[in-house]
**Student:** 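Take this structure first; my questions come after.
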Amino acid sequence: MKRFALLAISVLITLTGFSQEITGQWNGALKVQGIQLRLVFNVKKTDTGYSATMDSPDQGAFGIPVSSTSFENNTLKIAITNANIKYEGTLGDDNIIIGVFNQAGQSFPMNLSREEIEKLGSNRPQEPKKPFPYRSEEVIFENKQAEILLAGTLTIPEQEGIYPAVVLISGSGPQNRNEELMGHKPFLVLSDYLTRNGIAVLRFDDRGTAASTGDFSAATSVDFATDVASAVQYLQARPEIDKSKIGLMGHSEGGIIAPMVAADSDDIDFIVLLAGTGIRGDKLLLAQQELIGKASGMTPNQLAENEMLSKKVFEIILKEQGEEEMKGEIRNHMTQVFRNIPAASVPSGMTEDEFVNAQMAQMTNPWMQYFIRYDPAPILQKVSCPVLAINGEKDLQVPPKENLEAIKAGLAKGGNTNVTTVVLPGLNHLFQEAETGLIGEYVEIEQTISPKALELVTSWIKEQVK
């Protein structure tokens, strides 16, 4: 369910290299299929060479660790192993680095400079503009259990009073408070709509992202649930909030986290699951892989090969065995996979070690292991508050039929009868009106969230808090 490989996290390693000054911030922009994606490399000098982090401002991702950084003979080389990213460029006398960005065998020219690159204007008609007809406050609250500070925005209707409130929970990958991705700010649009309709909203940066502290890369859904519980505690201390009418709204992975918090607390009045999952993680990823593959034009043989490869890795992760045994099995399997790939299909310049290490980093990180093993059903059985679960008909990341049926069944098994499930025709994973549902379409669509989805969740919440 991780949205973009570009957001993957890896371990920081440094390589030596000495030449003219390279430290500091270097700005570039990828241009792919008419989309501009700004990237920033932050290079630092160390005792043994250089280290770096990467920012992807247009995706709301900052401080992504770089696996290796070197600068020799005026050539900068950067690699992020588990995202299969490489960058190589040469620094000229004009202080411009002329280079190429490579990911998964695809190469794109990208030059770097000290000049900050302006964000290209994109038409996002739903994005609200100041002044807002409600109060908007920058807030910081503490997750005492994790010893981190979470930064966010609380929006409250303008008139004095006590209001129901919703905590927004982002999907997978490091997300800022607006759940910003591909030029869209879904949580900004959602919070604006809800607050205009009399509902206070708290949205916050994921731990270790933007203005929040903590380590995102070491966290799982369980850790993120403690962040959400801390957000609820913060709202309970606010005099403008009705303590008996606090709900959760989670998108994608947030739809896993919301039931975790609700099952463990009597303080949650309702939950809304936006493309939440109801089936075990390995099954979801296989279904997602097949749907995206079909929509992308893959042949039946390619789909079958992908399924077989993924199933084998998932089986290893699901086995009851030690961490080292699991990693050894996955490494052996991926080594054989690489050796069986036709030479023409191997990403340009990728070695066996690089391929295996990239797969290992992706499949064995804490988040992925937990997600593959996690079955939402037992937690759903413990949720007693009202639940609204909705999906877009064209959602290729969280297939609507299987997941909504599983969510409904899990809640029913626990005796919860106040459950509403809805499939919205023509909408994708972001609840945009879409043609194919493919991820590449997200940025091309001007709409951020369909008015049908906004109206549905708002009217349902109003019914719960009357």
**Student:** For Ala434, does its backbone N or O pair with a side-chain atom of Lys394 as donor and acceptor, under 3.5 Å?
**Tutor:** yes
**Student:** How long is the straight-line distance from OH of Tyr134 back to CD1 of Ile156, given to the nearest 0.5 Å?
**Tutor:** 12.0 Å
**Student:** Pairing donors with acceptors under 3.5 angstrom, does anything connect the side chains of Ser212 and Arg207?
**Tutor:** no
**Student:** Just by distance, do the side chain of His429 and the backbone of Ala275 share a donor-acceptor pair under 3.5 Å?
**Tutor:** no
**Student:** In terms of heavy-atom contacts, does CG of Asn340 have more than 12 from other residues, nucleotides or ligands at under 6.0 Å?
**Tutor:** yes
**Student:** Evaluate salt bridge (charged side-chain N to carboxylate O under 4.0 Å, His left out) for Glu354 paired with Lys86, printing each intermediate quantity in order.
**Tutor:** CA-CA 11 Å; Glu354 288 172 335; Lys86 291 182 179 180; 2.9 Å; yes
**Student:** In the structure I gave you, are the side-chain heavy atoms of Thr53 and Phe62 within less than 4.5 Å of one another anywhere?
**Tutor:** no
**Student:** Are the side chains of Asp267 and Gln233 in touch, meaning some heavy atoms are under 4.5 Å apart?
**Tutor:** no
**Student:** Rounded to the nearest 0.5 Å, what separates atom CG in Leu273 from atom OG1 in Thr420?
**Tutor:** 11.0 Å
**Student:** Is there a side-chain contact between Leu286 and Lys311 (heavy atoms, below 4.5 Å)?
**Tutor:** yes
**Student:** Would you say the side chains of Asp215 and Ser217 form a donor-acceptor pair under 3.5 Å?
**Tutor:** yes
**Student:** Looking only at atom types and distance, does a side-chain atom of Gln447 sit under 3.5 Å from a main-chain N or O of Glu433, one as donor and one as acceptor?
**Tutor:** yes
**Student:** Tell me yes or no: between the side chains of Asp205 and Asn176, is some donor less than 3.5 Å from an acceptor?
**Tutor:** no
**Student:** Of all the heavy-atom pairs spanning Asp269 and Cys385, show the shortest one and how long it is.
**Tutor:** O-CB, 3.6 Å
**Student:** Going through the distances and angles, do His333 and Val313 end up as a side chain to side chain contact (heavy atoms under 4.5 Å, CB included)?
**Tutor:** CA-CA 8 Å; His333 174 63; Val313 176; 3.6 Å; yes
**Student:** Look at Glu325 together with Lys319 and state whether they make a salt bridge at an N to O cut-off of under 4.0 Å.
**Tutor:** no
**Student:** Quick one: does any side-chain atom of Arg196 pair with a main-chain N or O of Ser191 as donor and acceptor, under 3.5 Å?
**Tutor:** no
**Student:** Distance-only criterion, 3.5 Å: show the donor-acceptor pairs between side-chain atoms of residues 242-250 and protein atoms not counting sequence neighbours.
**Tutor:**
from, atom 1, to, atom 2, distance (Å)
Asp242, OD1, Ser244, N, 3.0
Asp242, OD1, Ser244, OG, 2.7
Lys243, NZ, Gln236, O, 3.2
Lys245, NZ, Val465, O, 2.8

**Student:** Given Gln381 and Leu411, is the side chain to side chain contact (heavy atoms under 4.5 Å, CB included) satisfied, shown in steps?
**Tutor:** CA-CA 5 Å; Gln381 292 169 28; Leu411 292 165; over 6 Å; no
**Student:** When you check the gap from the basic side-chain N to the acidic O, do Lys466 and Glu463 get nearer than 4.0 Å?
**Tutor:** yes
**Student:** Find the distance between CZ (Phe371) and CG (Asn365) and round it off to the nearest 0.5 Å.
**Tutor:** 12.0 Å
**Student:** For the atom pair CG (Asp223) and CZ (Phe216), what is the distance rounded to the nearest 0.5 Å?
**Tutor:** 10.5 Å
**Student:** Minimum heavy-atom separation for Ser56 and Leu37, please, with both atom names.
**Tutor:** OG-CD1, 3.9 Å
**Student:** Going by the rule salt bridge (Lys or Arg N to Asp or Glu O under 4.0 Å), which residues pair with Lys44 if we only count those two or more places apart in sequence or in a different chain?
**Tutor:** none
**Student:** Closest approach of Ser296 and Leu438, non-hydrogen atoms and distance?
**Tutor:** OG-CD2, 3.5 Å
**Student:** Quick one about Gln432 and Thr448 (side-chain donor to acceptor, distance below 3.5 Å, no hydrogens or angles considered), yes or no?
**Tutor:** no
**Student:** So do Ile449 and Tyr193 actually touch side chain to side chain, heavy atoms under 4.5 Å?
**Tutor:** no
**Student:** State, with a plain yes or no, whether a side-chain heavy atom of Asn197 is found less than 4.5 Å away from one of Ile461.
**Tutor:** no
**Student:** Tell me, yes or no, whether the heavy-atom count around Lys130 atom NZ, taken from other residues, nucleotides or ligands under 6.0 Å, exceeds 12.
**Tutor:** no
**Student:** Regarding His251 and Ser170, do their side chains bring together a donor and an acceptor under 3.5 Å, going by distance alone?
**Tutor:** no
**Student:** Do Arg177 side-chain atoms and Gly152 backbone N/O form a donor-acceptor pair below 3.5 Å?
**Tutor:** yes
**Student:** For Asn416 and Ser384, does a side-chain donor sit closer than 3.5 Å to a side-chain acceptor?
**Tutor:** no
**Student:** Using the test ring-ring contact (aromatic ring centres under 6.0 Å, His included), find all partners of Tyr234 that sit at least two apart in sequence or belong to another chain.
**Tutor:** Phe141
**Student:** Would you find more than 12 non-hydrogen atoms of other residues, nucleotides or ligands less than 6.0 Å from Glu138 atom CD?
**Tutor:** yes
**Student:** State, without any angle test, whether Glu455 and Trp460 hold a side-chain donor-acceptor pair at a distance under 3.5 Å.
**Tutor:** no
**Student:** Below 4.0 angstrom, N of the basic side chain to O of the carboxylate: do Glu240 and Arg238 qualify?
**Tutor:** yes
**Student:** Between the side chain of Asp395 and the main-chain N/O of Pro400, is any donor-acceptor distance below 3.5 Å?
**Tutor:** no
**Student:** Does Ile317 offer a backbone N or O that forms a donor-acceptor pair with the side chain of Arg373 under 3.5 Å?
**Tutor:** yes
**Student:** Is there a side chain to side chain contact (heavy atoms under 4.5 Å, CB included) between Ile372 and Met363? Walk through the geometry before answering.
**Tutor:** CA-CA 9 Å; Ile372 287 169; Met363 299 308 299; 3.8 Å; yes
**Student:** Answer yes when Glu352 and Arg339 have at least one side-chain N-carboxylate O distance shorter than 4.0 Å, and no when they do not.
**Tutor:** yes
**Student:** Indicate whether the side chain of Asn123 and that of Glu446 have a donor and an acceptor atom separated by less than 3.5 Å.
**Tutor:** yes
**Student:** For Asn42, look at atom CG and say whether over 12 heavy atoms of other residues, nucleotides or ligands are found less than 6.0 Å away.
**Tutor:** yes
**Student:** Is there a donor-acceptor pair under 3.5 Å between the side chain of Ser310 and the backbone N or O of Glu307?
**Tutor:** no
**Student:** Less than 6.0 Å separating the ring centroids of Phe101 and Phe41?
**Tutor:** no
**Student:** Have Thr436 and Glu441 got a donor and an acceptor in their side chains that come within less than 3.5 Å?
**Tutor:** yes
**Student:** With salt bridge (charged side-chain N to carboxylate O under 4.0 Å, His left out) as the test, would you mind laying out the steps for Glu290 and Lys294 before giving the verdict?
**Tutor:** CA-CA 6 Å; Glu290 182 181 11; Lys294 281 182 179 177; 3.3 Å; yes
**Student:** Identify whether the distance between the nearest side-chain nitrogen and carboxylate oxygen of Glu393 and Lys401 falls below 4.0 Å.
**Tutor:** no
**Student:** To the nearest 0.5 Å, what is the distance between OG (Ser221) and CD1 (Ile256)?
**Tutor:** 5.0 Å
**Student:** Return the CD1 to NE2 distance between Ile445 and His184, rounded to the nearest 0.5 Å.
**Tutor:** 7.0 Å
**Student:** Quick one, Phe204 and Phe187 - any side-chain contact, counting heavy atoms below 4.5 Å?
**Tutor:** no
**Student:** Where do Ile148 and Gly214 come nearest, in terms of heavy atoms and distance?
**Tutor:** CG2-CA, 3.6 Å
**Student:** Okay, side chain of Thr155, backbone of Ser136: is any donor-acceptor separation there less than 3.5 Å?
**Tutor:** no
**Student:** Taking the side chain from Asn332 and the backbone from Gly328, do they hold a donor-acceptor pair closer than 3.5 Å?
**Tutor:** yes
**Student:** Just wondering, more than 12 heavy atoms not from Glu323 lying within 6.0 Å of its CD?
**Tutor:** yes
**Student:** Between the side chains of Glu179 and Lys185, is the shortest nitrogen-to-carboxylate-oxygen separation below 4.0 Å, so that they form an ion pair?
**Tutor:** no
**Student:** Is there a side-chain contact between Leu284 and Gln397 (heavy atoms, below 4.5 Å)?
**Tutor:** no
